[in-house]
**Student:** 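Below: one structure in structure tokens.
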Amino acid sequence: MEAELTLSRWSGKPGGVGYRRWVIMSAGIRELLGTRFFRAILILAWVAGIATAAVGFLFAQTVSEGGWLESAASHFGPRIHAIATAIDAFVLLYPDICIRALFTNLFWLHSMAGVGLSMVALTLMVPRLVTRDRAGRALTVYLSRPLTTADYLFGKLGTIAGVLALLWTGPLLFGWLLSVLFAPDSSFFLYSLIPLMRALAFNAIGLAALATIALGVSAVSRSSRTTIILWLGLWLVAGTIAKPPGTPDWMKRASFSHDLAQVREAVFKVDEALEQVGTELPFLDRSVASDFVQVGRKAEAKDLAGSIAGLGVFVALSSAVFFRRLRSE
Amino acid sequence: MNPIIQAENVSRFYGIILGLNNVSFAVRPGITGVVGQNGAGKTTLFRLLTGQIRQSSGSLRIFGQSPWNNTAVKARIGYCPETEELPGSLRPLEWLGGLGMISGFGAAESRVRAEAMLGRVRLAPEHWRKPLGAFSKGMRQRVKLAQCLLHEPDLVILDEPMNGLDPVGREDFANVLRDLAAGGRSVVISSHILHDLEALCGEFLLLKWGRIPRSANEALSQESRARWPESTIFRCGSPERLARYLFEERLIRGCEIAEETGVLQVRWSEPDRFYRDFHRFLLESGVAIFEVRSAVASLEKAIETPPTL
């Protein structure tokens, strides 16, 4: 071997704790982006974002004065044209109710796609988070460097947050931005803000819960197969068991996907938005108005406190497993 | 010289299982060997030194600070663990590059360092782009040493780094460590290959069942190891004739002869007198000498000694 060091001593200042956490986070995301399956999921997620934008755009163009609906209706005679003009006027008269209801439902639907795709992506990620590091005893090498367990945790949380931002938050904001960018007036921006905030709030709750649970599951075993099976079991099997209406509450709460769905209903308040449409918009046929209220009630959170408690237990257990496993390394 | 590592009454328990039991020691700059049988507590000691676990009691200071969760201390330590498992799908440059970035270097700087260190541990460049899973044990040891030196640490801790290396590889390895020590770095190394360790280290730390037996460590001290061996083996043309001569000179108090292999093992009565003038004695004996070696290496002897606390 060479008798002398070929390097001069490092004279610059090595990156701090933030840089080291970023290194762990970006390495995880880069690795995932290298897989074809994840790239396919990513495309689906952005298709969902584009679909959100398209629906918002179409709605805006439909109801705007002189928009395509009005123009198209004019070809079918004065009667149809008058109806189309009445619809436009309807939104112009009650923009708060109409726009809020539209975006609430749109973001609610998008959140379903976001959660679903995130769950699939996490199935792919779970063995890559902690499992493989433990299996290869890489933690011994990582933690002998200027890196603490907390740095490692934040780095991994960052990886999950980054992935969920790519799959869920990014397409959501993209969809909303395109919708309001081409809207005829500022009321679209104004009245879509509250649904957007609700969507982002649920996004944050979902991210925190899913990230913690995924890390806990990933830390359970050194075997990738075991952690994938456990993740799928908690997500799909427990979720399926929780679905039937007659299932006892405690069993429903044992499914984090059910708990998350309950939190979603409580955060989005789709029931309130639809009920407002049914009760406050005039000119609606009584049965149509009643349908709105009925549909809204179906989307009501029925066991919010229990679901929050259930999610809390999941998060607490996952955190305990994560720290316990890392400490024993 | 001020000690780099200072431990006082350090204990580490894993539940009811004993890892280290009330050990006190100091490690000064240079190369220090940590010896002990399996389960003696070497890996526990190394994990304490690298700040990965915390002592159950006592005080441990490295560079004057506690290493537990202390990134300032960890930044000055390089650790080569005993485990041979490496991320099999990664290539050495990727792995080292990532670890360099975890140490705080930029991507370009990490790559430069990774290449330099792989060259330094003599891993041929044609292997740099192969996955680590395809590496032999010896090649993996070289990559592990490279990751350990990547950030030019002041203290290098090596847990059984010579496992799987051939004699040439071990000599290469030893040269790197001597070079590090000559450059002012400190090295703490454990190995089961005791004669290599004995040739390499200036100081030793002997662990037995989680403790540091005082008498055995005294036997390993520099002063003690500077003394002449109490027993010597000669491989020669006529062991019987050599034994008779040494008895006549009153140099030995006992011997064992294996005539068929030409081996004579003697126990000295006056080793100082023999070793100071050994060439004259051996010439005067008129016996052809093929090999002279100490009967028991001091490390082996120390390890085999029953614990005296």
Side-chain angles (χ1 to χ4, degrees), chain A residues 1-31 34-35 127-128 131-156 159 222 224 323-324 326-329, chain B residues 14 46-47 49-53 69-89 95 98-107 109-110 112-113 115-117 119-122 144 147-152 157 171-176 178-180 182-183:
Chain A
M1 284 182 204
E2 290 165 33
E4 287 180 10
L5 272 172
T6 50
L7 283 168
S8 60
R9 234 177 134 63
W10 172 254
S11 52
K13 199 176 175 219
V17 64
Y19 174 75
R20 294 192 290 266
R21 288 175 185 178
W22 179 84
V23 166
I24 292 183
M25 175 194 149
S26 59
I29 296 175
R30 262 204 315 276
E31 195 195 343
T35 63
R128 291 162 204 258
T131 312
R132 253 181 10 191
D133 286 349
R134 288 190 66 226
R137 300 188 194 276
L139 280 169
T140 308
V141 176
Y142 293 162
L143 298 179
S144 67
R145 292 182 175 273
L147 195 80
T148 62
T149 310
D151 298 333
Y152 181 78
L153 168 69
F154 284 119
K156 293 293 177 183
T159 304
R222 291 178 198 270
S224 297
F323 283 110
R324 180 74 195 90
L326 253 67
R327 198 161 290 179
S328 65
E329 286 293 330
Chain B
Y14 300 97
F46 287 164
R47 290 194 168 182
L49 295 181
T50 53
Q52 300 193 43
I53 53 173
N69 243 4
N70 187 337
T71 52
V73 172
K74 284 174 164 196
R76 297 177 68 186
I77 295 176
Y79 179 48
C80 179
E82 186 182 5
T83 175
E84 283 156 23
E85 292 164 57
L86 298 177
S89 59
W95 191 52
L99 291 175
M101 289 172 78
I102 288 178
S103 289
F105 303 119
E109 170 77 15
S110 296
V112 171
R113 282 171 176 269
E115 286 179 357
M117 287 307 157
R120 189 156 187 250
V121 297
R122 283 207 172 167
K144 274 167 53 188
Q147 71 80 21
C148 174
L149 304 178
L150 197 66
H151 54 296
E152 294 177 89
I157 298 171
E171 189 51 35
D172 281 348
F173 215 96
N175 284 338
V176 171
R178 285 190 193 104
D179 182 32
L180 283 170

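Letters A, B, ... mirror the listed sequences (proteins, then strands); counts begin at 1.
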**Student:** Give, as side chain, backbone, both or neither, the part of A72(B) having an atom under 4.5 angstrom from any heavy atom of chain A.
**Tutor:** neither

**Student:** Taking the side chain as every heavy atom from C-beta outward, state whether Q147(B) and R145(A) have any pair of such atoms under 4.5 Å apart.
**Tutor:** yes

**Student:** Shortest non-hydrogen contact from Q52(B) to L143(A)?
**Tutor:** CG-O, 3.9 Å

**Student:** May I ask you to test the V17(A)-T71(B) pair for a side-chain heavy-atom distance under 4.5 Å?
**Tutor:** no

**Student:** Mind checking the CD1-OG spacing from I102(B) to S144(A)? Nearest 0.5 Å is all I need.
**Tutor:** 9.5 Å

**Student:** Could you pull out the closest heavy-atom pair between N69(B) and T149(A), with the gap in Å?
**Tutor:** OD1-N, 4.3 Å

**Student:** Select one option (side chain, backbone, both, neither) describing which atoms of P81(B) are under 4.5 Å from chain A's heavy atoms.
**Tutor:** side chain

**Student:** If I compare all heavy atoms of L147(A) with all of K74(B), which pair ends up nearest, and what's the gap?
**Tutor:** O-NZ, 2.9 Å

**Student:** Side chain from CB out, backbone as N, CA, C, O: work out which of these in C148(B) comes under 4.5 Å of a heavy atom of chain A, or both, or neither.
**Tutor:** backbone

**Student:** Given that the side chain runs from C-beta out, which part of A135(A) has a heavy atom under 4.5 Å from chain B: side chain, backbone, both or neither?
**Tutor:** backbone

**Student:** How close do Y19(A) and F105(B) get, counting heavy atoms only, and between which atoms?
**Tutor:** OH-O, 2.6 Å

